[in-house]
2 protein chains.
Amino acid sequence: MPNDEKPTTSVWTRPRPRQREHLTREQIVAEAIRLLDAEGVEELSMRKLGTRLGTAATSLYRHVANKDELIELVVDDVYGEPDVPTVVDGTRWRAAVTHTATELRAMTLRHPWIAPALGQVGLVHIGPNAMRMSSALLAQFEAAGFPADEMDQAMATLMAYVIGIATAEAAYLSLIARSGQTEQEWVAGLRPAFDEATREHPRLRAGSSAQQDVHPQRIRDDNFAYGLDRVLDGLAARLTP
Amino acid sequence: MPNDEKPTTSVWTRPRPRQREHLTREQIVAEAIRLLDAEGVEELSMRKLGTRLGTAATSLYRHVANKDELIELVVDDVYGEPDVPTVVDGTRWRAAVTHTATELRAMTLRHPWIAPALGQVGLVHIGPNAMRMSSALLAQFEAAGFPADEMDQAMATLMAYVIGIATAEAAYLSLIARSGQTEQEWVAGLRPAFDEATREHPRLRAGSSAQQDVHPQRIRDDNFAYGLDRVLDGLAARLTP
DNA sequence: CACGTTAGCGCACGCTGTACGCACCTTGCG
DNA sequence: CGCAAGGTGCGTACAGCGTGCGCTAACGTG
């Protein structure tokens with residue numbers, strides 16, 4: 001087989017004429033999110049992402065400065081997901097904020113890998129989606145009647161609670177996902193080790209064993225709602241002196 | 001030079017007789033924390049850690065299963081730092097919880113790398129230090145008079161807030177640390193870009209530009225205290241119906 | 001003194017992010 | 001219509017990573 005002549009430019013090997021901009025930043029970000037959702041943060045590599053997009057890994061660097069920048073773009077893209085309603089009636093601010101908080105939690109649980117990323121890349125983004133979200137949330141607090149010098153602090157308090165509890169849940173869920181079990185199986189399997197570890201700390205066991213038969217996801221939903229109500233109670237108290 | 005005979009066992013090359021257990025798990029964890037504090041999470045490699053300890057990287061694997069387990073150990077070690085006081089007088093629970101929350105925040109700011117690690121390794125640890133800390137904090141809520149079925153939720157609410165806001169601060173601080181500037185320089189340097197980005201979101205600019213001359217660290221302290229007070233207000237309201 | 005156990009380590013493998021420079025396609029202009 | 005310019009994709013390469021494997025040598029025990 002004497003087909004050793006210019007193997008890269010052989011008629012059959014020659015790549016089909018691709019149109020310009022075959023690869024766009026939007027496609028890269030979208031595929032990265034898909035990969036992250038499917039396999040988790042430590043499975044994201046530029047080579048793997050390139051393969052999924054049908055290109056070489058180094059081609060991605062034409063559209064993205066480096067991996068850190070890609071993650072920044074990906075995080076901001078996800079920040080575009082939550083629905084943050086506009087408050088028309090100031091007395092209904094609490095329902096609106098509750099809705100936003102629920103959306104933010106859902107966002108984090110849909111993309112559990114975002115929790116460690118937030119810890120690396122910073123919570124305060126200057127990405128357009130993150131800014132739009134923050135601005136809309138701040139508007140809800142403004143409509144509620146918080147004074148200008150307190151609005152920021154009130155929003156930061158809510159955000160800290162939501163991100164904090166959602167990060168905890170996300171870490172827990174991706175731990176389970178890596179084990180390949182369902183949440184209930186995993187909880188049941190860990191119980192002996194947990195009982196053993198809490199032998200000296202009976203207080204820690206009381207609460208969890210009480211609701212041993214309740215669906216774990218239900219427990220998490222209730223916990224989130226409870227804390228959110230307490231935080232909003234504390235904030236609301238500042239409005240009616 | 002015919003010194004090719006058994007170069008590994010040459011008299012001069014032969015390593016000095018090391019005593020057994022030259023390396024311990026405690027030393028490895030302690031040195032890892034020192035390295036993490038000094039250079040951040042992405043500068044921690046097994047090779048670098050080995051070099052710092054005067055051994056080969058692979059020697060560490062005699063004492064630690066893998067890098068993930070090392071990080072688990074490191075995180076639990078840090079959880080041993082906060083001082084969580086025992087509540088003797090139930091009416092003073094709020095001061096005790098405030099103290100604990102402040103300690104937890106200080107812990108996170110001393111070791112900013114712990115924030116992404118928490119997102120990977122999970123907030124709920126079964127490490128001994130984390131369990132001791134959780135148990136002691138739960139005791140504070142018990143002393144406050146929370147009913148048994150609500151203690152857990154109350155503690156989770158507080159922890160979510162503290163971890164959330166401390167994570168945000170930690171990410172922000174390590175971003176600054178990587179830039180090699182002081183916090184004030186960094187804030188000043190970023191202001192033009194921030195103003196540009198908030199052109200369409202004037203609400204976001206109002207709060208921050210108001211206190212442009214206040215020391216940034218002071219702002220963060222105030223924000224933390226404000227949110228903590230709101231969360232505790234909301235929780236306290238459950239005790240006095 | 002001999003023997004089994006085990007800490008430390010050199011080597012190697014497959015993987016990572018990404019700098020560099022070449023080959024080609026598309027476009028703008030003469 | 002032809003040609004220069006610029007930008008896109010990609011092959012190669014490099015330094016560094018986590019870690020499995022098997023060897024050497026020191027230790028505790030009999």
Side-chain angles (χ1 to χ4, degrees), chain A residues 5-28 31-32 35-36 39-74 113 116-117 120-121 178, chain B residues 5-29 31-32 35-36 39-74 113 117 120-121 178:
Chain A
E5 15 137 348
K6 292 217 172 201
T8 59
T9 35
S10 148
V11 190
W12 309 109
T13 318
R14 182 155 45 224
R16 61 158 168 72
R18 49 184 158 71
Q19 63 265 27
R20 211 136 204 254
E21 294 280 325
H22 150 234
L23 210 56
T24 69
R25 177 179 277 192
E26 287 71 25
Q27 282 173 31
I28 295 175
E31 191 61 43
L35 176 54
L36 285 163
E39 308 195 22
V41 70
E42 63 224 7
E43 288 303 315
L44 172 67
S45 77
M46 300 303 271
R47 285 175 224 264
K48 202 181 244 181
L49 184 56
T51 305
R52 281 195 168 221
L53 287 162
T55 72
T58 52
S59 304
L60 305 174
Y61 285 89
R62 293 282 172 197
H63 303 89
V64 157
N66 50 41
K67 195 183 182 183
D68 283 353
E69 187 185 291
L70 173 62
I71 287 179
E72 269 186 72
L73 290 170
V74 154
W113 44 266
Q120 273 172 1
V121 95
R178 275 199 292 274
Chain B
E5 15 137 346
K6 292 216 173 202
T8 60
T9 34
S10 147
V11 190
W12 310 108
T13 320
R14 183 155 44 224
R16 62 161 167 70
R18 50 184 157 72
Q19 62 265 27
R20 212 128 202 258
E21 292 280 325
H22 150 232
L23 210 57
T24 69
R25 176 179 278 194
E26 286 70 25
Q27 281 173 31
I28 294 174
V29 169
E31 190 62 41
L35 175 54
L36 284 164
E39 309 194 24
V41 70
E42 62 223 8
E43 289 302 314
L44 172 67
S45 77
M46 299 303 272
R47 287 172 221 262
K48 201 181 243 179
L49 183 56
T51 305
R52 282 197 168 215
L53 287 162
T55 72
T58 51
S59 304
L60 305 173
Y61 285 89
R62 292 281 170 198
H63 303 88
V64 157
N66 50 41
K67 196 184 182 183
D68 283 353
E69 187 184 291
L70 172 62
I71 288 179
E72 270 187 71
L73 291 170
V74 155
W113 44 267
Q120 273 173 0
V121 94
R178 274 199 292 273

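Per chain, numbering begins at 1; letters A, B, ... match sequence-line order.
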Could you tell me how far apart [X] ([atom1]) and [N] ([atom2]) are, to the nearest whole angstrom?
| X | N | atom1 | atom2 | value |
| --- | --- | --- | --- | --- |
| A:Ile28 | C:dT18 | CD1 | C1' | 14 Å |
| B:Arg62 | C:dT6 | CZ | C1' | 7 Å |
| B:His63 | D:dT19 | NE2 | P | 16 Å |
| A:Asp68 | C:dT16 | CG | P | 16 Å |
| B:Arg25 | C:dA7 | CZ | P | 12 Å |
| A:Asn66 | C:dT16 | CG | C1' | 14 Å |
| B:Tyr61 | D:dG18 | OH | P | 6 Å |

Hey, are the side chains of [X] and [Y] touching, using non-hydrogen atoms and a 4.5 Å cut-off?
| X | Y | result |
| --- | --- | --- |
| B:Leu70 | B:Leu49 | yes |
| A:Leu60 | A:Leu53 | yes |
| A:Trp113 | A:Val74 | yes |

Fill in: Residues within residues 49-57 of chain B bordering DNA chain C, heavy-atom distance below 4.0 Å
B:Thr55, B:Ala56
Worksheet entry | Test item: B:His63 side-chain N/O and B:Leu23 main-chain N/O as donor-acceptor pair under 3.5 Å | yes
Discussion item. Which residues pass the side-chain contact (heavy atoms from CB on, under 4.5 Å) test with A:Arg47, not counting sequence neighbours?
Written reply: A:Ser45, A:Ala57
Discussion item. Among residues at least two apart in sequence or on other chains, which ones pass side-chain contact (heavy atoms from CB on, under 4.5 Å) with A:Thr58?
Written reply: A:Ala56
Report each atom pair, protein N/O against N/O of nucleotides 13-17 of chain D, whose distance is under 3.5 angstrom.
{"residue": "D:dC17", "atom": "OP1", "partner": "B:Ser45", "partner atom": "OG", "Å": "3.0"}

Worksheet entry | Selected nucleotide, minimal atom distance to B:Leu23 side chain, candidates D:dG9, C:dT18, C:dG8 | C:dG8
Worksheet item: Can you list every pair that meets salt bridge (charged side-chain N to carboxylate O under 4.0 Å, His left out) and has a residue in residues 50-63 of chain B, with sequence neighbours left out?
Response: B:Glu31-B:Arg52, B:Glu39-B:Arg52
Discussion item. Taking side chain to side chain donor-acceptor pair (under 3.5 Å) as the definition, give me every residue that meets it alongside A:Glu43, ordered by chain and number, with sequence neighbours left out.
Written reply: A:Lys48
Discussion item. Check this for me: does any side-chain nitrogen of one of B:Arg25 and B:Glu69 sit under 4.0 Å from a carboxylate oxygen of the other?
Written reply: yes
